[in-house]
Participant: 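Here it is: the structure, laid out below.
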Amino acid sequence: MKTTMQQHTDTLNGKSAQQEKEFTDLHNKEHINKLIDSAISLKASPFAHSETGKHKTLAMLFFNSSLRTRMSTQKAAQNLGMNVMTINLNQDGWQLEFEDGTTMNADKAEHIKEAALVISQYADIIALRAFPKLVSREDDYQETILNAFVKYATVPVVNMESATAHPLQALADAMTIKEKQTHKKPKVVLTWAPHPKALPQAVPNSFVKMMRMQAVDLVVTHPEGYELSPEIMGDTKVIYDQEEALKDADFIYAKNWSSFTEYGKVLSQDENWMITPEKTGEAFFMHCLPVRRNVVVADAVLDSKQSLVIDQANNRTWSAQAVLLDLLHNNA
Ligand code: SN0
């Protein structure tokens, strides 16, 4: 909770101060690597900072379903001594208007301007999940909901998976790789996998961004038409032949995403892209979960010792805790 005076100072500090205090995406390699190290040490001593969040409140706002994100972020906050309030905004809140200057005479009952300011009085940190609609690429990549909260809230905002990014997942993924790697520069392959539904690009976007900040040999493989944003990919190697891409991989990260170029479309459901034991060989298998068994990946891989999916989910707690601790130290 902030006083009017503090809010005034924040406003005077302008956008740069605002950007520093959020955790909305992976911006700064040095900062991100500090968060990964902090997460690893919090895993070893979960209650080392159990007083830091005392009398502070985390408000978790969900526009979409969640299991790991909701439970691990709540646990992370509680390990820091914080109180937690959660609301499923689509079911329990008023329908929010995000556009400026509209006449609100239809279904939207409350404007983001009031909602964000009101929640900022109840909470010291706001965490938010808002998936893309997968209809218009321009709309989704504008991150309307996340940015509106950043703009109008007077407390730090944490991204719990937005339209185009899932940085908390990427932190846990990088931490998991760091824990399990057996040599200095592991080969990490992100492979597209089939799925019956159109899914966001948030997880692969953040995974690629994160891996480009790490000392790994990154290869991405997918059918033609599934190219990710050129801005996110940069000079990342793409090999369209999955078998060739997976050769000598240390870590195989499988994920479905819908097309970025033919935005939101399912262009292929080719089951030959499913991950099987023949493909994984000695490599570790990773996925953010939830995963469709025998569509994305075969039972035999998920049930093997090479699967890291449960470790990744565990590490969600420590990476969320590192982010919350950092925000508590710096801002709240
Ligand atoms: C989400 C996604 O971004 O792909 C969340 C992953 C952490 N996944 C899904 O929506 C899966 C839904 C399904 O029906 O399998």
Side-chain angles (χ1 to χ4, degrees), residues 23-26 60-76 86 88-91 127-135 137 139-141 143 145-146 158-176 190-211 220 222 226 228-229 232 253-260 263-269 271 273-275 285-299 301-302 307-320 323:
F23 183 76
T24 53
D25 205 347
L26 309 166
M60 299 204 297
L61 319 179
F62 288 94
F63 288 94
N64 314 93
S65 309
S66 175
L67 186 147
R68 276 149 294 280
T69 299
R70 179 169 174 161
M71 297 187 79
S72 63
T73 309
Q74 173 159 356
K75 186 172 169 179
T86 302
N88 298 319
L89 276 175
N90 279 350
Q91 285 111 292
L128 174 75
R129 165 163 284 193
F131 285 178
K133 295 197 181 82
L134 293 176
V135 177
R137 180 166 97 187
D139 284 358
D140 287 345
Y141 276 72
E143 291 285 11
I145 298 182
L146 181 68
V158 174
N159 181 351
M160 295 196 296
E161 190 171 347
S162 63
T164 71
H166 196 358
L168 283 176
Q169 179 67 49
L171 267 184
D173 297 338
M175 178 183 173
T176 308
L190 169 66
T191 175
W192 179 92
H195 197 284
K197 278 172 40 185
L199 294 187
Q201 291 118 26
V203 170
N205 281 350
S206 290
F207 186 70
V208 167
K209 256 195 191 179
M210 175 60 90
M211 286 303 110
V220 178
H222 53 71
Y226 280 97
L228 291 164
S229 152
I232 284 168
Y253 198 110
K255 181 73 184 84
N256 171 268
W257 61 87
S258 58
S259 176
F260 174 78
Y263 193 69
K265 295 224 164 72
V266 175
L267 306 176
S268 165
Q269 296 199 345
E271 55 197 47
W273 280 79
M274 180 172 84
I275 300 299
F285 174 79
M286 299 179 74
H287 189 283
C288 60
L289 302 181
V291 71
R292 304 283 188 125
R293 279 177 174 259
N294 303 312
V295 178
V296 169
V297 55
D299 280 338
V301 174
L302 269 179
S307 171
L308 299 181
V309 298
I310 307 302
D311 301 73
Q312 287 170 266
N314 181 10
N315 286 341
R316 292 295 309 277
T317 299
W318 319 114
S319 40
V323 168

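In each ligand, atom 1 is the first atom listed, and ligand 1 is the first ligand listed. Keep in mind it's a predicted model, so treat the numbers as computed, not measured.
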Participant: Would you check whether His166 has a nitrogen or oxygen atom less than 3.5 angstrom from a nitrogen or oxygen atom of ligand 1?
Facilitator: no
Participant: Using a 4.0 Å cutoff against the non-hydrogen atoms of His195, which atoms of ligand 1 qualify?
Facilitator: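 It comes down to these atoms of ligand 1: 13 (C), 14 (O), 15 (O).
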Participant: Pull out every atom of ligand 1 sitting under 4.0 Å from any heavy atom of Lys197, numbered as shown with elements.
Facilitator: 12 (C), 13 (C), 14 (O)
Participant: Work out which heavy atom in Gln312 is nearest to a heavy atom in Ala172; give both atom names and the distance.
Facilitator: O-CB, 3.8 Å
Participant: Given that the side chain starts at C-beta and the backbone is N, CA, C, O, which of these parts of Lys255 lies under 4.0 Å from ligand 1, counting heavy atoms, or is it both or neither?
Facilitator: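 Contact part for Lys255 vs ligand 1: side chain (C-beta onward).
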Participant: Would you say Pro200 touches ligand 1, if touching means a heavy atom closer than 4.0 Å?
Facilitator: yes
Participant: Does ligand 1 have an atom under 4.0 Å from some heavy atom of Asn256?
Facilitator: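 No heavy atom of Asn256 comes that close to ligand 1.
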Participant: What part of Thr69, side chain from CB on, backbone N/CA/C/O, both or neither, has a heavy atom under 4.0 Å from ligand 1?
Facilitator: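 The answer is neither.
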Participant: Assess whether atom CD of Gln91 is packed by more than 12 heavy atoms of other residues, nucleotides or ligands within 6.0 Å.
Facilitator: yes
Participant: Ignoring hydrogens and geometry beyond distance, is a side-chain donor-acceptor pair present between Thr86 and Arg70 at under 3.5 Å?
Facilitator: no
Participant: Under 4.0 Å from any heavy atom of Leu199, which atoms of ligand 1 are there?
Facilitator: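 In order of numbering, the contacting atoms are 4 (O), 9 (C), 10 (O), 11 (C), 12 (C).
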Participant: Please state which option from Glu161, His287, Arg68 has its nearest heavy atom closest to atom 6 (C) of ligand 1.
Facilitator: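 When every heavy atom of Glu161, His287, Arg68 is considered, Glu161 comes closest to atom 6 (C) of ligand 1.
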Participant: Of the non-hydrogen atoms in Asp140 and Leu134, which two are nearest, and what is the gap between them?
Facilitator: OD2-N, 2.9 Å
Participant: Just to be sure I read this right, does ligand 1 sit under 4.0 Å from the backbone of Arg292, its side chain, both, or neither, counting only heavy atoms?
Facilitator: side chain
Participant: Which distance, rounded to the nearest 0.5 Å, do you find between the CG of Leu89 and the CZ of Phe63?
Facilitator: 4.5 Å
Participant: What is the minimum heavy-atom distance between Ser65 and Phe131, and which atoms define it?
Facilitator: O-CZ, 4.3 Å
Participant: Given Val291 and Val309, is the side-chain contact (heavy atoms from CB on, under 4.5 Å) satisfied, shown in steps?
Facilitator: CA-CA 9 Å; Val291 71; Val309 298; 5.9 Å; no
